[in-house]
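Okay, structure first, notes after.
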Amino acid sequence: MKKSIRHKFSIFFIIVAILFSFSYKSDFFEIAKQIEIYTTLFKELNLYYIDEINPAEVTDKAINNVLENLDPYTRFYDEQGVEEAKIRAEGRYGGIGASIKYRNGNLVINEIFKDNPAHKSGLIPGDEIFMIDDAVLKEQSEKSVRAMLKGLPNTALKLKVKRQGQILDFNVNRETIEINPVPFYNMIDDEVGYISFIKFNKKASSEVKNAFEDLKSQGMQKLIIDVRQNPGGLLGEAIKIVNFFIPKNRVVVTTRGKLNKLSKTYKTQRKPLDTEIPIVILIDDRSASASEILAGALQDYDRAVIVGNRSFGKGLVQRSRKLSYGTQLKLTISKYYTPSGRCIQELDYTNRDSKTGIVPRFSDKKVNRFTTQNGREVFDGGGVSPDIEIERQPLTEATKKLFTSDAFFDFATSYYYKNPEIKNLRTFKLNDSDFISLKEYLKRNNDKFLMNNEIDLKETIEKLEENNIDLTQQSQLMFDKIVEEKLILLDKNKSQIIEKLTSNIITRYYFKEGEYQRKLEFDNAIKESTKVLKNQKNYLDILN
């Protein structure tokens, strides 16, 4: 226990020291004072508090309290967290090849990756894993349960699974799972190529290059790069991909930190692949960080037309610092700026309201004007704005909650079991009757799709009942009214709900490949991008 306490103390002290060492106005006496206060407080708690103190839990809470008032990207990683971060960066791990979600103490298969162990063994989305080898999952912590499927390649797992009321046994061998940052690319027609690009891990630039060269060999003359929903990743990979399309020795991004050594200008280092091919970059409000560096740089050099919706607005750069006992601190060290000088950071964490916790937006204040290489106006403070906006209905809170709910996922699962096959991928689309069926399902399974006001009301009713206040009849009327209003709100996003549900269902039959293949037929943003590329005069007019 003493070793564990020393371990946690050292981590906490190092984090505090690092955080304060970045301050413009360092007060080392104050730092030492606060550390000593924490040390003596913990010592007294450990010696005299009536119950046993868990040093790991107490210190983890102390660390998280230090970090939570900074920004959401500054985080502490224990040994397991460090390994998981390494997996994300490397793009490979030992596992079964499936995405999972934790539900009621068990693991539910969310998505199966084609030709990987889970697929080969016969697992399908919706399967609920309740035992791994001899371990009953409900008896384990969520953290340990999530880690159980990963391990050394060529090791075996025995799984017990619930599927549609049946108990099934599966033997699955872990393999090295490759996370391909380019899950799909194809020719849209005889001249327009399409590359879907989902993350900036260590394989990103090489996979984008392979896809580009393959499409060129097929006759590609125009290109769409889709970084919608791409949260970013490694800065170096973004710089390499920008370099594919602009000449050597051009500024891609500049970082500015408190310390001079953290401020740096990054330029292209190599001969480009192609400086002439017309390009459209597709972005949305989930395109962040490295995706915004790619879009912002190519926009500033008038090298690509940006289509879609304003990007997320993450203009902050993080770096990992090694701590003791194999732990790490990932912290924000600088802001980045596009070649024109824009910082596209949206949220102003420095001026967070200490009472409410609300973080102001730079875009709500003054935004500054910049110009591209050709003199076009672009602005900072709030993501990369597209050259062509794709109109879409804003999502209601009910729709946002629906998309992350168990009810939405379970409805797609039930559809799969009721419909053994989809005959024509390119023409498949859900209709109004399917939307009505979804709403009826939600009404019957409302406990899987609860809004915050329903949860609050439920807790209030329970407290009243504890005090012998019976509001059964009145509360049921209130719950019924909330459900009714919630379902009405879904009508405002009917088309988006049908589209997302369609995509979710298609992956059950044709994996991610099928979802992307269908996008080439139905996606409005891809259609608009193709239209822009086909009209050379319009394309050049936008850039000039």
Side-chain angles (χ1 to χ4, degrees), residues 84 87-88 91-104 106-130 132 137 142 145-151 157 159 161-164 168 170 172-185 196-199 201 203 207 226 228-231 233 286 400 402-422 425 428 430 438 448 496-519 523:
E84 290 172 354
I87 286 170
R88 288 192 293 272
R92 58 189 298 169
Y93 65 95
I96 68 170
S99 73
I100 56 171
K101 56 183 179 179
Y102 184 81
R103 186 198 290 184
N104 300 324
N106 295 329
L107 295 177
V108 177
I109 301 290
N110 188 54
E111 181 184 348
I112 295 290
F113 305 146
K114 187 179 180 182
D115 296 331
N116 279 289
H119 178 210
K120 295 172 185 175
S121 70
L123 289 165
I124 55 179
D127 285 349
E128 184 177 1
I129 303 170
F130 65 92
I132 298 178
L137 301 194
E142 178 178 352
V145 165
R146 286 185 173 277
M148 283 183 179
L149 295 180
K150 294 180 181 178
L157 287 169
L159 308 179
V161 169
K162 294 177 185 175
R163 176 188 293 175
Q164 299 291 291
L168 304 174
F170 290 89
V172 186
N173 288 316
R174 295 188 186 96
E175 294 178 8
T176 299
I177 308 300
E178 299 283 344
I179 304 172
N180 192 339
V182 179
F184 181 81
Y185 68 90
S196 178
F197 179 30
I198 60 170
K199 60 179 61 183
N201 60 24
K203 299 175 63 181
E207 291 297 330
D226 192 344
R228 290 175 296 176
Q229 307 287 305
N230 186 324
R286 299 289 295 278
K400 292 176 184 177
L402 173 67
F403 286 165
T404 59
S405 71
D406 290 338
F408 192 75
F409 177 82
D410 290 346
F411 180 82
T413 301
S414 66
Y415 184 98
Y416 173 81
Y417 283 107
K418 290 176 183 176
N419 300 273
E421 63 177 352
I422 292 176
L425 171 64
F428 175 73
L430 299 178
L438 171 64
K448 298 180 180 180
Q496 288 124 306
I497 293 171
I498 288 176
E499 181 58 35
K500 191 171 184 68
L501 184 59
T502 301
S503 294
N504 193 309
I505 288 172
I506 279 177
T507 60
R508 312 293 180 109
Y509 301 89
Y510 296 101
F511 307 95
K512 272 293 181 186
E513 182 180 345
E515 180 184 343
Y516 285 112
Q517 194 70 51
R518 186 183 169 280
K519 277 185 179 182
D523 191 285

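Residue numbers start at 1 and run along the sequence shown.
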Tell me, with the steps shown, if Leu107 and Met148 meet side chain to side chain contact (heavy atoms under 4.5 Å, CB included). CA-CA 10 Å; Leu107 295 177; Met148 283 183 179; 5.7 Å; no
Let me see the working for Tyr417 and Arg163 under side chain to side chain contact (heavy atoms under 4.5 Å, CB included), right down to the final yes or no. CA-CA 11 Å; Tyr417 283 107; Arg163 176 188 293 175; 3.2 Å; yes
Working note: Tyr509 + Phe428, criterion ring pair (Phe, Tyr, Trp, His ring centres under 6.0 Å); need CA distance, chi angles, decisive distance, verdict. CA-CA 12 Å; Tyr509 301 89; Phe428 175 73; 7.4 Å; no
Given the rule in the salt bridge (Lys or Arg N to Asp or Glu O under 4.0 Å) test, do Lys101 and Glu128 qualify, once you have shown the distances and angles that lead to the verdict? CA-CA 10 Å; Lys101 56 183 179 179; Glu128 184 177 1; over 6 Å; no
Using salt bridge (Lys or Arg N to Asp or Glu O under 4.0 Å), reason through Glu513 and Lys114 one step at a time and then give a plain yes or no. CA-CA 9 Å; Glu513 182 180 345; Lys114 187 179 180 182; 3.5 Å; yes
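Between Lys519 and Glu499 there is no salt bridge, since none of the side-chain N atoms of the basic residue sits less than 4.0 Å from a carboxylate O of the acidic one.
Residues Phe113 and Phe511 place their aromatic rings such that the two centres sit no closer than 6.0 Å.
Within a 6.0 Å radius of CZ in Arg103, other residues, nucleotides and ligands contribute more than 12 heavy atoms.
Just one residue in the list Leu157, Val108, Leu137 forms a side-chain contact (heavy atoms from CB on, under 4.5 Å) with Ile129, and that residue is Leu137.
Between Asn116 atom CG and Glu178 atom CD the span is 9.5 Å, to the nearest 0.5 Å. With rounding to the nearest 0.5 angstrom, the CG atom of Leu438 is 9.5 Å from the CG atom of Leu430. Between Lys400 atom NZ and Ser405 atom OG the span is 15.0 Å, to the nearest 0.5 Å. Between the CD1 atom in Ile506 and the NZ atom in Lys512 there is a gap of 11.0 Å [rounded to 0.5 Å]. Note that CD1 of Ile109 and CG of Leu123 are 5.0 Å apart. Values are rounded to the nearest 0.5 Å. Distance check: Glu175 CD to Asn173 CG gives 7.5 Å after rounding to the nearest 0.5 Å.
Here the side chains of Leu168 and Phe170 are in contact, with some heavy-atom distance below 4.5 Å. Contact check for Leu425 versus Gln517: side-chain heavy atoms found under the 4.5 Å cut-off. At a threshold of 4.5 Å between non-hydrogen side-chain atoms, the residues Arg518 and Tyr510 do not count as touching. When side chains are defined from C-beta on, Ser196 does not count as touching Tyr185, because their heavy atoms never get closer than 4.5 Å. Looking at heavy atoms from C-beta onward, Asn504 lies out of side-chain contact with Glu515 at the 4.5 angstrom threshold. Looking at Asn110 and Pro125, their side chains never come closer than 4.5 Å, going by heavy atoms from C-beta outward. Annotation: side chain of Ile505 is in contact with side chain of Ile422 (closest heavy-atom distance under 4.5 Å). When side chains are defined from C-beta on, Glu207 counts as touching Asn180, because their heavy atoms get closer than 4.5 Å.
Side chain of Asp226 to main chain of Arg228: a donor-acceptor pair is present (N/O by atom type, distance under 3.5 Å, no hydrogens or angles). Judged purely by atom type and a 3.5 angstrom limit, Asn201 uses its side chain to pair as donor or acceptor with the backbone of Lys203. In this structure, the side chain of Asp406 does not engage the main chain of Lys448 through any donor-acceptor pair within 3.5 Å. Between the side chain of Arg174 and the backbone N or O of Leu149, at least one donor-acceptor pair lies under 3.5 Å. The closest donor-acceptor contact from the side chain of Asp127 to the backbone of Ile124 lies under 3.5 Å.
Nearest heavy-atom pair across Ser121 and Val172 is OG-CG2, 3.6 Å. Residue Ala118 comes nearest to Gly97 through the heavy atom pair CB-O, 4.0 Å, listed as atom of the first residue, atom of the second, then distance. What you find for Ile198 and Pro231 is that their closest heavy atoms are O-CD, 3.5 Å.
In this structure, Arg508 is positioned above the aromatic face of Phe409, its NZ or CZ under 6.0 Å from the six-membered ring centre and within 45° of the axis.
Aromatic ring pairs are classed by plane angle as parallel below 30°, tilted from 30° to 60° and perpendicular above 60°; the pair Tyr516 and Phe184 is parallel.
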